[in-house]
Amino acid sequence: MDKRYFSDKVVEWYELNKRDLPWRTTRDPYKIWLSEIILQQTRVIQGLPYYLRFIEKFPTVQALASASEQEVLRMWQGLGYYTRARNLHKCAKEVISKYRGVFPDTFEELKKLPGIGDYTAAAIASFSYQEKVAVVDGNVFRVLARIFGIEKETNSPEGKKYFTQVANELIKKENPDAHNQAVMEFGALHCVPVNPACSECIFQTTCFASQKNLQTQLPVKVKAKAARARYFYYFVFQKGKSMLMKKRDQKDIWHGLYDFHLIEKNKFKNPAKLIAEDVHLKKFADAASVVSKKYKHVLSHQIIHATFIIIKSNSAFQDDKNLKFYSVKKISELPKPVLISRFLEDNHLL
DNA sequence: AACTCGGGGTG
DNA sequence: CACCCAGAGTT
């Protein structure tokens, strides 16, 4: 695909196929900003009713800034990612206090506001103020990767930098707003992640991916190695000033090091949720009784700590360096993972 | 650099 | 059901 024609072609497609959305008929930075914050990680279908309710209730940034955080959060409920709502409110207040109620008009200045990162700053700067700066979101990654055959990883710092550079080479100073909207809309409606309709595409003969049949291979993402989870239920016994510890198996993680007595359970679908449920507490109680039977000689000890931890490793637990604590859930007073780590490093009994 | 946020969609 | 999505902020 010749880079000289890309912008004109995709904008031409956009004018014929774009959806009618309320924030596309305004240059009011407040409305543009609000829509962009709502649409982060959110589909248009889901975000639209929220946008309409917000505009109705808070027609101006002043109105939003005057509201309480509780009120804003209540309006936001159901959308998820609630720090977006907190930052939304915080940002509105900053626009009032630091910018006299007017959103700054440059990419760099917009980025200083809470909740506004590279993408949102570029969106506001181009849609509201026609600054020539390219938006780079998931749609842009996909469209550029396929059409121009870019095989760099979209989720590495270098890849993101490269895509941003290419996107900014393609954008034109005459219509940065339409160009940005066009690329994203093309990605959202036509150059979709799964089963794109390449046979009906305006770029069919010039698109790298279409010609080489690599639509499913592009864009390239770094595949995080799947980390396997193991569920350890720890019990810490104490008598006087001594704590009971156990030397670990040489063939397992932390081979030969000491840790507390534990019971390993196969699997819980979502331990973070189970922790609050009776079913989990029951399993925990079962595990505790098993320990009591198995270690009769320590019955005179008192169980002072009980916890379960999940550990995750992406290399079949062969290498200690690849193991990290994934989460620790508090059941009663419990040793923090750092405490456990220190024992392991010290490799001795207290 | 890797994790977290949280809904919804998908295989 | 597990897995994926994808910007911004945090560590």
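Order of the sequence lines fixes the chain letters, A, B, ..., with proteins taken first and strands second; residue numbering starts at 1 for each chain. In what follows, every heavy atom counts, from backbone to side chain, and hydrogens, waters and symmetry copies are set aside.
Atom-to-atom, CD of A:Gln77 to P of B:dC5 comes out at 19 Å; the value is rounded to the nearest Å. Atom pair A:Leu79:CG and C:dG7:C1' shows a separation of 15 Å (rounding to whole Å applied). The distance from atom CD1 of A:Ile38 to atom P of C:dA8 is 15 Å, rounded to the nearest whole Å. Atom CG in A:Leu73 sits about 14 Å away from atom C1' in B:dC5, given to the nearest Å. The CG atom of A:Leu48 sits 16 Å away from the P atom of B:dG8 (whole-angstrom rounding). Rounded to an integer number of Å, the gap from NZ of A:Lys221 to C1' of C:dG7 is 14 Å. Straight-line distance from the CD1 atom of A:Ile37 to the P atom of C:dA6: 18 Å, rounded to whole Å. Note: CH2 (A:Trp76) to P (B:dG6) measures 11 Å, nearest angstrom.
Residues A:Ser156 and A:Gly80 each lie close to DNA chain B; by heavy-atom proximity, the contact nearer the 5' end of the strand is made by A:Ser156. Each of A:Tyr81 and A:Pro114 was assigned the nucleotide of DNA chain C with the nearest heavy atom; the assignment lying further toward the 5' end belongs to A:Tyr81.
Among the nucleotides B:dA1, C:dG7, C:dG9, the one closest to any side-chain atom of A:Asn87 is C:dG9. Distances were taken from every side-chain heavy atom of A:Asp118 (C-beta onward) to each of C:dA6, B:dA1, C:dA8; the shortest belongs to C:dA8. For A:Val194, whose side chain is taken as the heavy atoms from C-beta onward, the closest listed nucleotide among B:dG11, B:dG7, C:dG7 is B:dG11.
Under the rule for a salt bridge (charged side-chain N to carboxylate O under 4.0 Å, His left out), A:Lys161 has no partner lying at least two apart in sequence or in another chain. Applying the ring pair (Phe, Tyr, Trp, His ring centres under 6.0 Å) rule to A:Phe163 yields the partners A:Phe141; only residues at least two apart in sequence or on another chain are considered. Residues passing the salt bridge (charged side-chain N to carboxylate O under 4.0 Å, His left out) test with A:Asp20, sequence neighbours excluded: none.
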Please report, to 0.1 Å, the donor-acceptor pairs under 3.5 Å made by any side chain of residues 195-214 of chain A, with sequence neighbours excluded.
residue, atom, partner, partner atom, Å
A:Thr206, OG1, A:Phe203, O, 3.4
A:Ser210, OG, A:Gln204, O, 3.4
A:Gln211, NE2, A:Thr205, O, 2.9

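Residue contacts for A:Tyr119: at a heavy-atom cut-off of 4.0 Å it reaches the sugar-phosphate backbone alone, with no base atom in range. Residue-level contact check: A:Pro193 touches neither bases nor backbone, having no heavy atom under 4.0 Å from any strand.
A salt bridge is absent between A:Lys152 and A:Glu158; no separation between the charged side-chain nitrogens and carboxylate oxygens falls under 4.0 Å.
Other members of a hydrophobic cluster containing A:Tyr81 are absent, since no ILVMFWY side chain comes under 4.5 Å of it, directly or through relayed contacts.
Near DNA chain C, meaning a heavy atom under 4.0 Å from it, residues 39-47 of chain A has A:Gln40, A:Gln41 in order of number.
Under the 30°/60° scheme for interplanar angles, the aromatic rings of A:His190 and A:Phe186 are found to lie parallel.
When the P atom is used for both C:dG9 and B:dG8, the distance is 24 Å, rounded to whole Å.
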